[in-house]
Amino acid sequence: MPPEFVEVQPVMAAIKAAGFEAYIVGGSVRDVLLNKPIHDVDIATSAFPEEIKQIFPRTIDVGIQHGTVMVLEEEQQYEITTFRTESTYQDFRRPDEVTFVRSLGEDLKRRDFTINAFAIASDGELIDLFDGLQDLRNKTIRAVGAPQERFHEDALRMMRGLRFASQLEFDLEPQTLAAIADNHALLGKISVERIQIEFVKLLMGVDRAKGLIPFVETECYIYCPGLRQYGDALLRLADKPLRPLQEEAQAWTMLVHEMGLSRDEIKEFMKEWKCANHLIAKVQLLANGLTRRLTGFWDPLSAYQMGGNIQLVEALLYYYDQKPQLNEAQAFYDALPIHQREELAIDGRRLLTALDAKPGPWLGQLLQEIEEMVLLSQLENNTEAILAFAKER
Ligand code: ATP
Ligand code: MG
């Protein structure tokens, strides 16, 4: 057992001592079986939330309506969720209500894919009611139960299936894949925020083609923001070499580059996806840097604009049949005469005094011109030289 699982043993033992069942469930079991690092260990129990709160002195209600209580023990926190079923689904979205149950089997049945429906008992026994182990071995994403029904209950599961394919380098089992193709339009019922989380994971996955190709073939992409016209761009993206990206911003940059979006279009597109403004700004910057780098328009001004992001752009060259020169790019940036406007040997106020002039739009323009000339080594970054130039102006 990995240390993360050993660590939860006392918590599980306390639940058992009170007469209830407790199991480790969900993604962490899958990841351990795949020898992958695990993030969070989810515990499922037959105890109802109120019963959990009686067992442990310190708890926080993090999602009690869904049955989740956070238990605080020895500086650690554990999320414990009551076995539940999700009975009535309307609008193909989340269930209207969850029902707490006492049976592990009922809880595992509502889970999306066989590889996400394992449980581990406190004695280490693996419970595998849906042949998830076989699917793990065959690298297969298979819906638990009848895929058509499962995607009707919650259409987001289709996106989840595609992103697990990309993250784990798995294939979708044929009937599961066919059910996604049949039901792709239901994605239109799902909030962009929920789709976005899965889409980003899909783009960042080690084998994005395994997710992107079925994403296009099943036409799921048509019901995602701004992608309707861009099936070909998505397939080109799928064709890029396999290699993990460092950051989400790089994934969006490659996507908008393939789509051929302008700066303004990037903003519009990413707004539709409900991306944060700082992420949009970064992608605009990286996309511009990438285009310049690929078209040989790379000069001190572009490097200056990239600021600390120069290596993120450089690393993307790998995907465009060029060898990234990470050290050279950094050295080029480090050697720039200045790295921000504050490093100029002059500022607006001193210019005004020296020129004995009134402020106006000309001042900003002049400063920008000075900044560019300094960067291009056409003007030395010292006060006298700059003032002499400004006076001539
Ligand atoms: P990750 O490693 O990305 O967190 P995960 O499998 O843990 O992957 P979570 O979103 O954290 O995914 O969900 C935890 C578990 O809850 C899943 O493994 C699955 O059993 C179940 N689950 C999550 N979302 C759904 C859903 N939409 N429908 C059915 N089961 C779900
Ligand atoms: Mg998880």
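Just so you know, ligand 1 is whichever comes first in the structure, and atom 1 is the first atom listed for that ligand.
When the options A117, G27, A155, A143 are ranked by their closest heavy atom to atom 18 (O) of ligand 1, first place goes to G27. Considering D31, T114, D42, V25 only, the shortest heavy-atom separation from atom 14 (C) of ligand 1 involves D42. Counting heavy atoms only, R30 comes closest to atom 6 (O) of ligand 1 of the residues E198, M159, M158, R30. By heavy-atom distance, the residue among Q167, R160, R111 lying nearest atom 22 (N) of ligand 1 is R160.
Of all the heavy atoms of D112, the ones lying under 4.0 Å from any atom of ligand 1 are found in both the backbone and the side chain. No part of F118 comes within 4.0 Å of ligand 1, judged by heavy-atom distances.
Annotation: the span from L203 atom CG to Q167 atom CD amounts to 11.0 Å, rounded to 0.5 Å.
Inclusion of R157 in the set of residues having an N or O under 3.5 Å from an N or O of ligand 1 is warranted. Looking at ligand 1, you'll find an N or O of N116 within less than 3.5 Å of one of its N or O atoms.
Under a 4.0 Å heavy-atom criterion, L156 is not in contact with ligand 1. Within the 4.0 Å heavy-atom cutoff, F113 does not count among the residues contacting ligand 1. Within the structure, ligand 1 lacks K109 among the residues with a heavy atom less than 4.0 angstrom away. In this structure, K201 has a heavy atom closer than 4.0 Å to ligand 1. Ligand 1 lies nowhere less than 4.0 angstrom from a heavy atom belonging to R150. Residue contacts with ligand 1 do not include E153, since none of its heavy atoms lies under 4.0 Å from the ligand.
The hydrophobic clustering, which links ILVMFWY residues whose side-chain heavy atoms are closer than 4.5 Å, places F151 and M159 together. By the criterion of side-chain heavy atoms lying less than 4.5 angstrom apart, applied directly or through intervening Ile, Leu, Val, Met, Phe, Trp or Tyr residues, L237 is grouped together with V256 in one hydrophobic cluster.
Using a 4.5 Å heavy-atom cutoff, the side chains of F56 and V11 are in contact. A 4.5 Å side-chain heavy-atom check between E153 and R110 finds every atom pair outside the cut-off.
Here the protein heavy atom with the shortest distance to atom 3 (O) of ligand 1 is R163 NH1, 2.9 Å. Atom 27 (N) of ligand 1 has D154 OD2, 3.0 Å as its closest protein atom, hydrogens excluded (heavy atom only).
Inspection of the T176 and E173 side chains reveals an N or O donor paired with an N or O acceptor under 3.5 Å. Between E371 and Y304, the side chains place a donor N or O and an acceptor N or O closer than 3.5 Å (distance only, hydrogens not considered). A side-chain donor-acceptor contact under 3.5 Å links E7 and Y78. No side-chain N or O of S166 forms a donor-acceptor pair with one of D207 less than 3.5 Å apart.
Close approach of ligand 1 to H39 (heavy-atom distance below 4.0 Å) involves ligand atoms 2 (O). Each of the atoms 18 (O) of ligand 1 lies under 4.0 Å from some heavy atom of G26. Close approach of ligand 1 to R110 (heavy-atom distance below 4.0 Å) involves ligand atoms 29 (C), 30 (N).
For the pair R111 and D107, the salt-bridge criterion is met [side-chain N within less than 4.0 Å of a carboxylate O].
With hydrogens and angles ignored, the 3.5 Å screen pairs a side-chain donor or acceptor of T82 with a backbone N or O of A47.
Remark: atom 11 (O) of ligand 1 lies closer than 4.0 Å to no protein heavy atom.
Screening Y221, Y223, W273 for a ring-ring contact (aromatic ring centres under 6.0 Å, His included) involving F199 leaves a single residue, W273.
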